[in-house]
Protein chains: 2
Amino acid sequence: MDQKTTRDPAMTDVARLAGVSHQTVSRVLNDHPNVREQTRLRVRAAIKELGYRPNRAARALVTGKTQLIGVVAQNSTLYGPASLLSAFEEAAGEAGFAVSVGRVKVLDRESIAAAVERHRDQRVAGIVVIAPNSSAADALADVPAELPLVTVDGDPERATPLVTVDQGVGAYDATTHLLDAGHQTVWHVSGPTDWFDAAGRVQGWRRALELHDREVPPVMAADWSASSGYRAGQMLARMPEVTAVFASNDHLALGVLRAMHERGRRVPHDVSVVGFDDVPEAAYFIPPLTTVRPDFAAVARETLGLLLEQVSEGESARPRRTIAPVLVQRESVAPPA
Amino acid sequence: MDQKTTRDPAMTDVARLAGVSHQTVSRVLNDHPNVREQTRLRVRAAIKELGYRPNRAARALVTGKTQLIGVVAQNSTLYGPASLLSAFEEAAGEAGFAVSVGRVKVLDRESIAAAVERHRDQRVAGIVVIAPNSSAADALADVPAELPLVTVDGDPERATPLVTVDQGVGAYDATTHLLDAGHQTVWHVSGPTDWFDAAGRVQGWRRALELHDREVPPVMAADWSASSGYRAGQMLARMPEVTAVFASNDHLALGVLRAMHERGRRVPHDVSVVGFDDVPEAAYFIPPLTTVRPDFAAVARETLGLLLEQVSEGESARPRRTIAPVLVQRESVAPPA
DNA sequence: ACCGATGATGTTAGCGATAACACCCGTCAG
DNA sequence: CTGACGGGTGTTATCGCTAACATCATCGGT
């Protein structure tokens, strides 16, 4: 009578319709071998007819496991983290896992610990933490060892399973590309120094210069914003000896481009610039930006793989994966004047 | 003995330690009134001592409700949707809800229906669909009426509860701002025509021109990319009568800026440009971009509010909320030469 | 001093699945 | 012919919680 009150069909309803016990329905659902083919078909038909959908809460209650993965990420729209998250959600979805995202305003120990706790409340099967700076990495010490955990963009020195873009290689390639174009040396506008990504890029840049026996100019420290890139660019633009700049991300590069433009220094004629990230609009900067493209989808896949290994096997043998980025050449690099 | 096997404490463990029944523990947890203060404190102490955390699966099983909200969003890093999502996750987290994100590669009916089904499998309390174009909006017809649903950036003509930025007002303000600067008329580079956001902005732009009795130039249709903005810009740059352009988002505007630059048309001296979104780097375009800033956090809050109203009260009285954006003036607008 | 109302607590019965075990029935080796 | 074996199925217990009802003391009103 009352349509609203009729509850969703449960396993016993399917069993009754198919003329079997609910346990047999459960067996069909979980692909147990010992079910006669004919029975299996009958149960499948009943499931379909009733529009039955298994109750995950009930399953989770008895098995003690969920199909949920928790992700802790900063509440920012920085291109890198956002791309990573999006790619991870897609990968996890395809593998049949739901992803619960816990956003954190600042990457301090307390906030991250709280987000991790919320995920544990939900009894997630595992956790992914996008922990790009040291305070975030420190917070991971609080995570209990029995909870499967993978860190992305985290501390390379730490023992936790980690997936990350190979910042060093990307920065090395970018710098070498500028040297190959004929520049004496390359200046660097760095991201925040407590970010591992930024630190890795600084190292790759320095290694490239040292390997080619070039002078290593002082690092221009900035945050990730176009605004700070602009400020760094204003200083660089005033120094005539600066002919090549490697910026730690594309938005910093954008700020540098604007500073150069305002100062009348043409890019790439007077100064060459390389960025990092390959944001979609980088090809439409003035001029189109040569940059380094990380493969976020690959990072996401590896992250999921590493996590699922831990979920099923306990411990993983190779707890570290690095994804090499690719240099994308556009029009912001030229030989020095 | 075996530490690994010791299971998490359950309600009965807390009850035993506190010397009460498990039901009393449940009452304390759910803030039922009829519990003596002293008992309450004793239970709280026991909870803390054991590190007890309620099992959500068990609760969901008996109540038939979860504290999970499903979000369906496209797998893109477009600034608007990404900001919205991030803001929503934060708002929901603060309200004690977990957010499960289902990413969809393309916004067609089938993909969205599948994503909604996955969320229903999880027995989410409600669903938010970021449905910015008509195919996405069509897919919502498949969502069963009893499932609380809020659409964001969806079809204004449809009856589903909807929260959206007031595109019309934003576009109207942008256009009027250009007219007020002295321009005869304003050209428009539009986003994809099947997106409601884009359509709303076209309408606002047209309304402003008509209200001021100006000629309405043909719409330059594009997608959201800097690349397509560049192509549209190349055409506009060739027409000397074009002195003011309103682009449907900041990346389109970026493409327009580059096209103008290449053609030797100075912004804002020869041509004024206004964008939409206020992406963080817009202040560092060449020149800094005047644009329209939507309040994504407000959209997120309203969305959550509308959804929770439906969850608790069944139906909502005011199923439509619109958030007015704000014009941000920078340096890309000037009187015509 | 008795009664019903009220507050504080305990007891019992599920929610919907899986796990463990029991059972029935053929088949096949001895 | 019999008993061990194993495939196919059913029965029962259980996960951790909340809902509903039961119980018992306390208390104010007549």
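Here is how names work: the chains are called A, B, and so on, in the same order as the sequence lines, proteins then strands, and each is numbered from 1. Just so it is clear, the model here is predicted, and its values are computed rather than measured.
- Taking all atoms of both residues into account, the shortest heavy-atom contact from L68(B) to Q122(B) is CD1-OE1, 3.4 Å.
- Taking OG1 from T77(A) and CG from L84(B), the interatomic distance works out to 12.0 Å, rounded to the nearest 0.5 Å.
- For the pair T39(B) and dT9(C), the criterion of a side-chain N or O lying under 4.0 Å from OP1 or OP2 is met.
- Donor-acceptor pairing under 3.5 Å, judged by distance alone, is present between the side chain of H22(A) and the base of dT18(C).
- The shortest distance between the side-chain N/O atoms of T24(B) and the OP1/OP2 oxygens of dG10(C) is below 4.0 Å.
- Distance L61(B) CG to dA19(D) P: 12 Å, rounded to the nearest Å.
- Contact annotation: S26(A) does not reach the phosphate of dA19(C) (side-chain N/O to OP1 or OP2, under 4.0 Å).
- Backbone-only engagement by T63(A) is indicated by non-hydrogen atom pairs under 4.0 Å involving sugar-phosphate atoms exclusively.
- Looking only at distances, no side-chain donor or acceptor of R123(B) sits under 3.5 Å from a matching main-chain atom of L61(B).
- Summarising the geometry, the separation between CD1 on I47(B) and C1' on dC17(D) is reported as 13 Å, rounded to the nearest angstrom.
- Between N30(B) and dT18(D) there is a side-chain N or O to OP1 or OP2 distance below 4.0 Å.
- In this structure, K65(B) places its NZ atom 17 Å from P of dC15(C), rounding to the nearest Å.
- Residues V143(A) and I127(A) form no side-chain contact, since every pair of their non-hydrogen atoms from C-beta on lies 4.5 Å or further apart.
- Regarding L29(B), its CG atom lies at a distance of 6 Å from the P atom of dT18(D), rounded to whole Å.
- When all heavy atoms of R109(B) and A139(B) are compared, the pair lying nearest together is CA-CB, 3.6 Å.
- Rounded to a whole Å, the CZ atom of R56(A) is 12 Å from the P atom of dT18(C).
- Residue Y52(B) places its side chain closer to dC17(D) than to any other of dG10(D), dA8(C), dC17(D).
- With dG16(C), dA8(C), dC21(D) as the choices, the nucleotide that has an atom nearest any side-chain atom of V62(A) turns out to be dG16(C).
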Fill in: CA sep, side-chain torsions, deciding dist, call: F88(A), I69(A), side-chain contact (heavy atoms from CB on, under 4.5 Å)
CA-CA 10 Å; F88(A) 184 78; I69(A) 295 174; 4.0 Å; yes
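- Among the nucleotides dA20(D), dG7(C), dG8(D), the one closest to any side-chain atom of Q23(B) is dA20(D).
- For A10(A), counting side-chain heavy atoms from C-beta on, the closest listed nucleotide (dG7(C), dG10(D), dA17(C)) is dA17(C).
- Closest to the side chain of N34(B), out of dG16(C), dG7(C), dG16(D), is dG7(C).
- Along DNA chain C, the nucleotide closest to R123(B) and the one closest to R36(B) are compared, and the more 5′ of them pairs with R36(B).
- In this structure, Q67(B) atom CD and dC17(D) atom P are separated by 15 Å, rounded to whole Å.
- Counting atom types as modelled, R27(B) pairs a side-chain N or O with a base atom of dG10(C) as donor and acceptor under 3.5 Å.
- dT18(D) atom C1' lies 15 Å from atom CG of D31(B), rounded to whole Å.
- Taking atom CE on M11(A) and atom C1' on dT18(C), their separation rounds to 8 Å, with Å as the unit.
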